[in-house]
Every structure is written in structure tokens, then in C-alpha cells.
There are 2 protein chains.
Amino acid sequence: MNFKFHVIILCLISTLYIHTGYGQELEWVEIENGIWKSSVGQPEDISLLKAVDVKPKEEALRQLPLANFPIDKAKIKTKLIDGKTYLQFPLSREEQIYGLGLNFKTVHQRGRIMQLHVDHYGGRDNGRTHAPVPFYVSSKGYGVLIDAARYITVYAGTAVRVNADDKPVLRDRNTDRQWQAQPYSDAVEILVPAKGTDIYVFGGSSPMEAVQRYNLFNGGGYLPPKWGLGFTQRVPTLYSQYDIIREAKEFEDHNFPLDFIGVEPGWHSMSYPCTFEWDKTRFPDPKKFNQELLGQGIRTNLWFNPYVSPVGSLYPKIKDLSGSHTVWNGIVPDLMLQETRDILKDHFVENHLNIGVSGYKIDEVDGYDSWLWPDVATFPSGYSGEQMRQVYGLLVQDMTSKWFKERNQRTYGLVRASNAGASALPYVLYNDYYSHKDFITALVNSSFIGVLWTPEVRASKTAEEWLRRMQSVCFSPMAMLNAWADGTKPWSFPEVEEAVRDVANLRMQLLPYIYTTFSQYHFKGLPPFRAMNLVEGFSYDGNKSEGKLDSTNNPYKLAVKSEIKDQYMMGDNILVAPMFEGEKERKVILPQGKWFDFYDGSFVGENEVITVRPGLEKIPLYVRDGGIIPMRPVQRQAPELGEKVDLIIRHYGHKEGEYILYDDDGLSFDFEKGQYSMVDIKVKKDKKGNLRGTIGRPEKGKPYSYNKKVSWEFKTK
Amino acid sequence: MNFKFHVIILCLISTLYIHTGYGQELEWVEIENGIWKSSVGQPEDISLLKAVDVKPKEEALRQLPLANFPIDKAKIKTKLIDGKTYLQFPLSREEQIYGLGLNFKTVHQRGRIMQLHVDHYGGRDNGRTHAPVPFYVSSKGYGVLIDAARYITVYAGTAVRVNADDKPVLRDRNTDRQWQAQPYSDAVEILVPAKGTDIYVFGGSSPMEAVQRYNLFNGGGYLPPKWGLGFTQRVPTLYSQYDIIREAKEFEDHNFPLDFIGVEPGWHSMSYPCTFEWDKTRFPDPKKFNQELLGQGIRTNLWFNPYVSPVGSLYPKIKDLSGSHTVWNGIVPDLMLQETRDILKDHFVENHLNIGVSGYKIDEVDGYDSWLWPDVATFPSGYSGEQMRQVYGLLVQDMTSKWFKERNQRTYGLVRASNAGASALPYVLYNDYYSHKDFITALVNSSFIGVLWTPEVRASKTAEEWLRRMQSVCFSPMAMLNAWADGTKPWSFPEVEEAVRDVANLRMQLLPYIYTTFSQYHFKGLPPFRAMNLVEGFSYDGNKSEGKLDSTNNPYKLAVKSEIKDQYMMGDNILVAPMFEGEKERKVILPQGKWFDFYDGSFVGENEVITVRPGLEKIPLYVRDGGIIPMRPVQRQAPELGEKVDLIIRHYGHKEGEYILYDDDGLSFDFEKGQYSMVDIKVKKDKKGNLRGTIGRPEKGKPYSYNKKVSWEFKTK
């Protein structure tokens, strides 16, 4: 066979293909209600969604309104050149985009260029981050997902085509002061360095509806076990089992909440690289250790990174199933091979899950580059270093979560790298970056991309910073103090111990509300912690010039043109506006309607930007008019199975309200088979105009952990 | 023809190829004395060296010593996977590597990961820079060049293979304090995202010899016209021709050197995007303007960026020869097409060169990403946005330099993006980053990679900073004040005007030495401004632990383990140690032997690190024992053609010395045809032990611009 000749023919054909310019219009198939899929070229057999066994929540998707394909199809263009896929999506003048990974400094992504690359966040929103999800949400109410396990470059309204539909104005920099360094661009352009990719478009009537579709398509958000929403302390790395038992006692002595304890690298007989075997000196009896803590209602969560030490028992089994390069002298298991997963499962289930370990913290699957495998690494499954880098965090999450799921046991843990498709995974992202402000922006951004994020607390220079950080972490997906390096305790600053305990107790009191909020994530795809841009009553109006934030005449429409990155919603009703060290006051942008102070129920504003001076002890929290907040009395732990607690139901403002309280057993996946309660709480005005509360009853035989007795608190007088 | 079948066969073949792992040993061909070439896969028909018509200086290469292939060939490994080229080169324990682009913060590159990408420098040595040259120099005396116009990722001693020849020590982070976050790596690994590449290896007995080979292979370093080494002022952007004439007069009034003037964007009738046509208001008579300045011995240098405005006469001609995307509303000429180059040449030669313009400043061919064409851009020549990004700066340099070369006229200008192969191009790099310290580190690093760099001065907050910056720019390839935005003058801080004039005058006095130094760049490949690591008498000894820099017992061997990034050599004999604002003293690491103060000839140290307190007026300069420095009297300009000047010859120290003074007409390329002089200067001891100087005579008929009269200055008493 004349091989060379065929190569030439191939080249000629591809050359011809190139010069035809953009190919014909893509075919879009509506695969779920309001979700369309198309494929360009030859999508690879590894992808983000493929890495995580995604099963859409079809019934929930069907319950969303019908949606039209949200983009002018003729303006979506693709090309295949030189083994790469070029994509183009239109943008209109009045459009902002959100998402594109776990960004720490910016919420508005239009005008940015990012190469989405799993990595430790390095201080710039350039695409290198722990969850570089290639999904963007438009202020016009749709989302676009590029499902490729590649370093995708996104020109999010930056590149300007000669033949742009909506061209920037031509100006002379010499003389025209309106000249702009970054001219207007009417498109998102994307380079996927692969021969093809799947693309998904999520429709909706609002940005939130697009996000809901994204989350529901990815299995619905994860519903943590109740204990996962309590307080967690991660202990110093070399703590022995006795040290940890003592630590638990100290929490009891300080009357501080504690639901689970994080056990850091020292539990391994060697770590960095890891053996995944208990160190016999520090943990002579791991089973007893776990059982003793469980007896006190405290779970353990084990730290690991997945790089296998040559001195452990797993090494000879994994050796031929791992990549070409080491990470800290550990081999990298090829998790694209079922055999690898089976070996790890046997070991982890026997040595950890079977003796009571409740979950894991999966560290260092993100980067940094300087210690992770390089892009020239090869793996026995045949996937490249780049592909593995983009999905490895997903693979470890998927693998470990299945171990628990098979036992019908919910887990909740931590992971340092994720990507698209992660909504249903039981893990919360974290990192070492430790900027309090930017941690809050990450929490805001997590809501666009189907991941959870904790602004974990480690150490602080001052009592004020300590308290401010503890306050915000208590209003996040995981209320955690990570003392692995510093040995800090919640009471490390005695002068604020009381205030720290107050906010931790407040979180514990809010568990009925928080748990219900997470159930919305699962059943409706609503993120539990929400960017203001996802909240009804906010709109992004790109055409308006920036207004003064302190204006009092219905200013929020102007205000939202600037980024809102330091406040967010926890669930439907509570607006959280964290304070940062050194601040005596802050501005809070209120969504439409009247808003009320969480603590005393007083009216704080309506359609306006308010300035608040909450004092050191309190994190500013606001509730919407008619907002109902189910709470419970202060308790150090989430309820045990079968335990009944009293309900305290608060109502704020003057409007009538309604709230669906969710409950289930808090531990198993039986809720997926209908074993849950949804109870209707209503506040209505009687004939005299006084507010009266009523609460329904759970369906018989369904799990419900609340006593009949309800304390009603009408907070606004 | 069954197309699908052939594709399958192709895939099968490439799959087979993949699974053989690293291919067989590469074939290396010695293409020049001590330079070897090999090709992996199918190198692309665009590359860095191919973008600049490189002609090796074969005769000069032959004069270098013979060299053996410097690397164990069996340890150079390559793979082709998935359309990408993987490369692996060995490193030994005692080895440091330099180069890998114009870095601003680091000199030692071992342990770094870089993706080499033409871009504005963004504050991190991560590969994004103005000259991301894929060439590294080893302390063991060899260099490696990857000649691919792609974003090349280099793991410079970071990735650790499971099967490494020299493995890192296994340690337990739990208990071993010697545990390292970045384990030892015994290789440079490189990912070239292309189906193949050419590789060059440069041998040598020292790092400098490898650099010499690199520069000579790339045509030998550029020899600027004499006027190019004088002082240059770039004027505010909207200056008219009358303003500029007045500016020249001011320089005369202040008795300040001035050889050429930079004319900033305002000369265009529109700029950003550019018309390349004289603005009729500001420049009613450009020919007269140029001639008037030339009459005063002052050249003009015109700013442009290559993005063509729709309102200029070039636009309709270039429209179909440009890329798919605009830059600031300008179209991007496809310089890979000869037709494009011809059109531009006609316009530029007629409107600029023919009326006396001496050169260009080529701006914004580097990035930033947010305004340059995206990687999804396409060009009529068929090359990709990525490929064009990597070579565009080279292409503009190559095109414009040829216009001058054809006239037998030397030019000297500025460019903001370059790459491998640039040694012989008449351009100096610059940028907006403006960190004085990092500018000096860039100057140090420029010497490894065949580019020139100027630490240009713009503005300063204090007189001290101003003076310190002016001092260092006078010891760089281009002594420039860039006042385009700030309107500064050399005398902007009256309190240091005298000291600024002194250092500018000193540069003018040193022109015979500096010009000879540049001739060494051309004829021998020796960079004019040199990293200490390229200097004889320095060695990198990776095995030694770090010593105290203030030790006085022969400490420099230890000292060089830490990076030397704030001092450098200008030519063979002068060590430059710039001072930075706020510093009262600094340490200077002296190469082997005795060293002497440039100003007063006093002994300053021998084989040691000295601490110097030079005062504000002086930049620390040191001369080696026996060092000869040819100078001339203070003059405001470089000599005109035919002008003869007096020579002042300085000698330092106690040793005998020898120096070859180079000269030619200073303007044309006749020196390439042998029209130059090399005159031997010797200082020897007479019978009484007194030093006596002699100077030879130029060959008859060869250009030589010095009077017979020589003033000898034996600076050390």
C-alpha cells in the first residue's frame, strides 16, 4: 500500500475542509426538557461528564417550564482545524456572563480570557483553578457547557472578528478620548484542543433556571447527611487517636458544636506519598477509635492524596496500573481502569469504611504543576496527562462516593479539584489560598457551576479576623476549622470565644432551614448558596451606566452593573453579607422588596443599597418580606437517627408567607425512593390582619424528625 | 477510494506507534562545527528559525574549538502521541540551566515549569514573555533549542518519572524534616503541541561557548550603526514636527547627548489602528522635518503597531491578505504571504525610508491576550493563530530589517516581541512592566537567548530613582528615555541633572569600547551584555551548599549557587552593578582575579564578594586586572561618516593587557565584506616593570575613525 500517497490525500482533504471556513449549522437535539446537545467533529471517549456517571433527574427537569432554544442557531459556528475545535457563540450588547470555573476575584466574566486548567488557584482568574468548569451562564437566561477534558481556551467577549455582526466603533487613540483598549466583542470564542467535543445548551427564563437545568442534568445537587452540616474540626497532622479523643472532649467542655473530625496525614503509616494504612504508633486501634467517637455522635473523615507510596501494601498491586510519573515519589493510580478502582475499593472499604470512617478529604488532585504529573505523562489506559489532569478530581470523587452509595450511606467530604458534572458528588472544594474576601467570591461563583465551596478557617492574626472568618464559614456548605498545621481551636481567641460559639450555635439552630435548602439543590437544582445574580429581583442591565451605590431611589438595577461578589443568599430567604477584618460598616445591595434584620426583625430597606454597622459579634443577615425560617433549639450535634427535635419557626416582615420544610432520615439514600417528608408551613393574616402560622403534617410512614410542638416567632413587630 | 478505510489504517499505525513507548534513538547530524540537528516526527513548515531567514556564520563557527556531542544520546527520548511531540533530555545533579525566554525574576531555570508563549510579561516567570525563546543553556556547557512555533511546555527539572535514572529519595512527610515539596528530577521534559519539531544541540566547553554557537548559527549578533549606541529620546505622542525640532534644540541647550529621536503614535493620521501615513496637521512636511534633523546629526525612529486602520490607503490593498480577527479595529497583515510584505514595503519605503527615517519601534506584537488576535484566528496563509502569535514579532523584524539591508543601511530600533533566531535582527526589546530591578534581571537573561533588552526610563517618583534608572539604561543596548506619555526630559529632576549628564556622557565616551563589544557579538557570537554565569571565572556548583555571601575566603564558588540577577558584564572588561532606589550599598560578586574601580582605578577585591557604597552620583563599575578600555572625549553624538576622533585608552590593574579595537564606517553593511579595522592595543611591562601602551595601525584602505593621537591613562597607581 502506498502509505505516503494516502497521507497526502488526507492532508489535501483536511486542507480543503479548512478553507471552507465555518462548517454548516450544527444539529441540536433536545435531550431533556430545555436541554440541547450537539456534537462537533469526533468527541473524545473521555470527557468531564463521562468521568462521573451522570444520570439526569428527568422527572425534575420535566417539571421546569418549557424553554425555547435560547440562541440564534445560525450564529453558533464551529470549525475543525489542525486537530482542534473552534467554537463561536453570539453575545448581545445587553448580556453578562457568569461561571467559567471557580473564580476568586471576579463574578462578571465577559471580557476575560481563560484557559480552563485544573490547578491550585494562583491569585488570578485566568482559568487555572480547582474547578475550571467550562460552563457559562448568561444574564439572558441560558447556559453553555463544553464537555471536553482538555485545556479549553475561552475568549469570553474579547476577540473581535473582521466580519463581526456587531462591530466596535472605530476610534483614533491620538485624538479620541473614548478610545478603548479592549474594543467591543459580540461573541464568545472557544478553542478546544481536541478533534471534537460535545456541547450542551441549557435554556431557561432566568439565569437561575439555566443553572437548575445544569444541576438537574448532572443528577441534581448532593444532599449531605445531616451530620455533614454540623461543625467539623480538622486536627493537627500528627495527632494520635488519643489526642483526637481528647480533642472531642475539649469540644464538649467548651460546649462547642462538633459533628465530625478530620484526621489529617498522620493517620497514614507514611504520607506524601501515602500508604492508606493506619500508623500503628499513632493509631494502634483504629476500629476502637472510630467506634468510640461514633458513640459520641462524632464521625471521622480521613485525609489522603491518591499517590501511592512504594512502602505500602497497595504499591505492588497498583504499580502496573499507574502513570509514567510520580507525585512526591508516589505512583498515580490510573482511575480510568476498572481494575485499579477495584483494588483501591477493596483496600479502602476494608480498612476504613468497615470500621466506621464516614468520608474523605481528597487533597492535591488539583496541582500545583510543580509537583503533579506533567502533561507528558502517560497512563496505561491511554489517556494523556492533560486529559487525566482535567478529570482526576472527578474520578476520585466518583469512585469514593460509589463506595458509600453502595452501602446506602451518605458521606460528605472535601476535595481540591473538580470540574463539570459534579453537582451530585458529595464533596466540598477548598484550598490554601486563604484570602477571606476572595473566599466569599468563590462561594458566590460556586453557585453558577454546580460545585460546593467552603471558606475554611485555619488561623488568624487577630481576634477580629478570627471571628469574621468563623462567621462566614458558618454560612457556607461546610462549617470547618482546619487546624492541621496551626492547632487552632474555635476558642483560640478567648476574647471572641462567646461570639464564635454564638454563630456556630446559630448554624446548628438553622439546620432545618439549611437542610431544606440542600434538598432544593437535590430536587430542583437550586444551589444552596447563591450569587445575587441568580436571585429574582436582580437584573443585569449592560446598557445602563454605573450609578452611585449609595443612591436611595431604586438603585439596584444600576448597582448590579458592578460585580456583587461579597454577599450572597443562603437558600430562598436569608441574605448573607459577611464582614471582613478592619471593616466597621459595609454596603448591602437588597433585592427587590422589603428586607428585615435577621436578628431583631426590624425593617432595613426596600429596593435600595443600605449601609450597615453590625458590630463585631454579628454577621449581617437579612430576610425577605414574608420569609419563613425553620429552626431548632441549640444543640451541639445534628439529630441522630430517630431523634425528635422541637421546631422554632420564624417569620419576618409583614407579608404572608409559605415554606416547604423538608426532612428525611438524614443518613441514607432512601429519600431517593420517596422516603422523605415535605411539610407545608404557612403564615397568613387573620381577619384582624394579624399573622398566624400553621404547619402541615408529614405523610404517614415518612421520616420526620420534628416534634409536634412548634414555637412561632413573628420577628417583625 | 475508500477514504474511511485509509483513515482507520492511519489510526492503527499511529496507535501502534504510540504503544511502542519512546521511539528509537534520534539521528543527530552535525550541521556546523559543534551544532547538531535532529528532527522528530514531521516538523511543521513554519518555525521560529524559518520565520527569520537565518544564515549561519559558518566561518566564525569553524574557528571555535571542536566539541563533542554534549549529552548521552541514549538519554534523549522522544514520543509522538495524539498529534503532540514529547521530548526528554537528561540532567545531572551538578547542573543548572539558564535561558528559556526573557525572564524578569529568575536566572536559574531548573525547577521551573513554563509554557513558552509570546505575551506581555505579567509579573511571573511562567513562560509568557516578550521573547519566550525555547532555548536553554546548561552550566555544563551546551544548549538545546526546540525550533517550533508553538506554545511549548517545558518541565525544566520538575517532572519525576517512575523509571527515572536518578530517583529522588523517598521520605515520609509525617516525620522526616528533610521532606521536599519538589522532589529531585533528572530530566528536562518538553511538550510540543505539534506533530513534530526540529531540535538543535549546541556544544561547547562552557555555557558561553554554547551561547556563541547559538548566536553565530543565527547569523551572528547584530552590529548597530554607531548612532544607535548614542542617546535616544522618545517624544510625547502628539508632538508635531515643530515640537520635535524644538526638543532637539533643548538637548543642545542642555548640552545633552542625542543621536536619535523616537516619534510616537501621533505621526500617524490615525493610530490604534494605524494608517502609517503622516498626519498632515502635526507633520505638514515630513521630508523637511527628517532632513532638518539629519542636518543636526539626529535620526528619527517611527513608532507603529502593524494593525491596519480601515481609513488608511493600505487597507483596501491588505484587506484580503489579513487575518480573521482585528486588533483595535485594525486588520492583521498576514506576513507569511510575500504579497503582503511587498505591499507594505512599497508604502513604508516610499513614505519613510526614502525621506530619511532611520528605523522603527514595533509595538504590541506581543499581546496582551485581551487585545491581540485569539488562538482561534485564521490567516489566509493557513497558519494558525498560535503559530502566528509565536512568530509575528520575528516576521515584522525580518521584513523591516530587509528594507534597510537592501539599501546597505544599518538600522536600529525597538520591538516588543521576539523569539529564537533573533540574534542578527536590528531590534531591542522593551516593555511596560517598569520594575527597575526586574529590568536588570531581564538584561542578564537576554544574554542567554540571543536578544537585546533595554531597561528604558520613562518617569520616576523621586530624583534618586530617576538617576538610578538613567545610570543603568546607559549601560544597556539602548540608552533611551521614553517620554511618550510623561513628557519627561533627562533634566526633569534638576537636582540630578548634572549626574544624569555625567553618565550619559560616560556612555558617549565609552562608544569605542561598546562598539567593539557589539562587534564581538557579530563576529564571535559573544553577547554584549552578559550574565555572570556566562563569564569565565564563575562556575555553578550545584553540589555545594549555600555559603555566606559576606565571607571573604574565596566565596564566589558558593555564591553562584544563588542567582546573580542584579549585576552583569558589559563586554569583556567592565562589570556593571546597578544601584536601585533606596539602596545605600550593595554586594558585588567579583569573578576570579583582582578587580579595580572604574572611576579611580583603585583595587576593590579579589575572589570575593564586596560591599560597595558608591554614592548617588555613580553607578558601580569595575574593571578586571589588565583590562583595557578604549574611550573618546565627551561628544554629544556618535561620529559622523569620515569624522575622526581622539582615542583615550585606559588600563586598569597591574597585569599586562591586550585589546582588539574594532572599527568600521558605522553606517553600512560593508563590514560584512571585510571593510573594517581591527587594531591591536597592548599594555606591557618594560624592563623596569612600568606599564607601557602600544597601539597598532589599521590596515590600509579600511575604515578607521580615530586620530593617531592617543591619550594613555594608567588608572591604577
Side-chain angles (χ1 to χ4, degrees), chain A residues 1 3 6-7 9-10 13 15 18 81-83 86 88 111 113 153 155 158-163 168 170-174 179 181-183 189-191 193 237-238 265-266 268 270-273 279 309-311 322-326 328-329 331 369-371 373-378 382 384, chain B residues 1 3 6-7 9-10 13 18 81-83 86 88 111 113 153 155 158-163 167-168 170-174 179 181-183 189-191 193 237-238 265-266 268 270-273 279 309-311 322-326 328-329 331 369-371 373-378 382 384:
Chain A
M1 195 173 83
F3 179 66
H6 296 141
V7 172
I9 293 294
L10 254 186
I13 288 168
T15 307
I18 288 168
I81 296 184
D82 198 18
Y86 294 21
Q88 191 189 117
I113 297 172
T153 305
Y155 301 87
T158 56
V160 182
R161 298 170 333 283
V162 173
N163 299 318
L170 176 68
R171 297 181 190 279
D172 181 1
R173 192 185 181 190
N174 283 334
W179 183 89
Q182 197 175 327
E189 296 201 65
I190 298 172
L191 193 152
T237 186
L238 289 181
H268 293 262
M270 173 187 238
S271 81
Y272 287 45
D279 182 77
S309 171
V311 304
S322 58
S324 57
H325 285 69
T326 60
W328 292 304
N329 284 305
I331 53 174
D369 271 350
S370 53
W371 53 63
W373 65 85
D375 289 348
V376 293
T378 55
S384 69
Chain B
M1 196 174 80
F3 178 67
H6 296 139
V7 173
I9 293 294
L10 253 186
I13 289 168
I18 289 168
I81 296 182
D82 198 19
Y86 294 22
Q88 191 189 116
I113 298 172
T153 305
Y155 300 86
T158 56
V160 182
R161 296 164 341 278
V162 174
N163 300 318
K167 293 186 175 60
L170 177 68
R171 297 182 190 280
D172 180 2
R173 190 185 182 189
N174 283 334
W179 182 89
Q182 197 174 328
E189 297 200 66
I190 297 172
L191 193 152
T237 187
L238 289 181
H268 293 263
M270 171 186 239
S271 80
Y272 287 46
D279 182 79
S309 170
V311 303
S322 58
S324 57
H325 286 69
T326 59
W328 292 304
N329 284 306
I331 52 173
D369 271 349
S370 54
W371 53 64
W373 65 84
D375 290 348
V376 293
T378 55
S384 69

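A quick note: this is a predicted structure, and the numbers were derived from the prediction, not measured. First the proteins, then the strands, lettered A, B, ... as listed; each starts at 1.
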* Set of residues satisfying side-chain contact (heavy atoms from CB on, under 4.5 Å) with respect to A/P168, sequence neighbours excluded ->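 Once residues adjacent in sequence are excluded, the partners of A/P168 under the side-chain contact (heavy atoms from CB on, under 4.5 Å) criterion are A/V160, A/P183, A/Y184, B/N329.
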Heavy-atom pairs under 4.5 Å with chain A - which of [options] has more of them than the others?
options	result
B/A159, B/G266, B/P374	B/P374
B/T326, B/N163, B/L191, B/I190	B/T326
B/A181, B/G83, B/A377, B/G323	B/A181

* Classify the ring geometry between B/W179 and A/W328 as parallel (under 30°), tilted (30 to 60°) or perpendicular (over 60°). =>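 The rings of B/W179 and A/W328 sit tilted, inter-plane angle from 30° to 60°.
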* Asked: Between A/I331, A/V162, A/D279, which residue shows the highest count of heavy-atom pairs closer than 4.5 Å to chain B?
  -> A/V162
* Asked: By a 4.5 Å heavy-atom criterion (distance strictly below it), what part of B/T378 contacts chain A: side chain, backbone, both, or neither?
  -> side chain
Which heavy-atom pair separates [X] from [Y] by the least distance, and what is that distance?
X	Y	answer
A/M270	B/L170	CE-CG, 3.7 Å
B/S271	A/D172	N-OD1, 3.1 Å
A/P273	B/R171	CD-O, 4.0 Å

* Asked: Once you round to the nearest 0.5 Å, how far does CD1 of B/I113 lie from CG of A/D375?
  -> 9.0 Å
* Asked: Taking only residues two or more places apart in sequence or in another chain, which ones pass side chain to side chain donor-acceptor pair (under 3.5 Å) with B/T237?
  ->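 Partners of B/T237 under the side chain to side chain donor-acceptor pair (under 3.5 Å) test: none.
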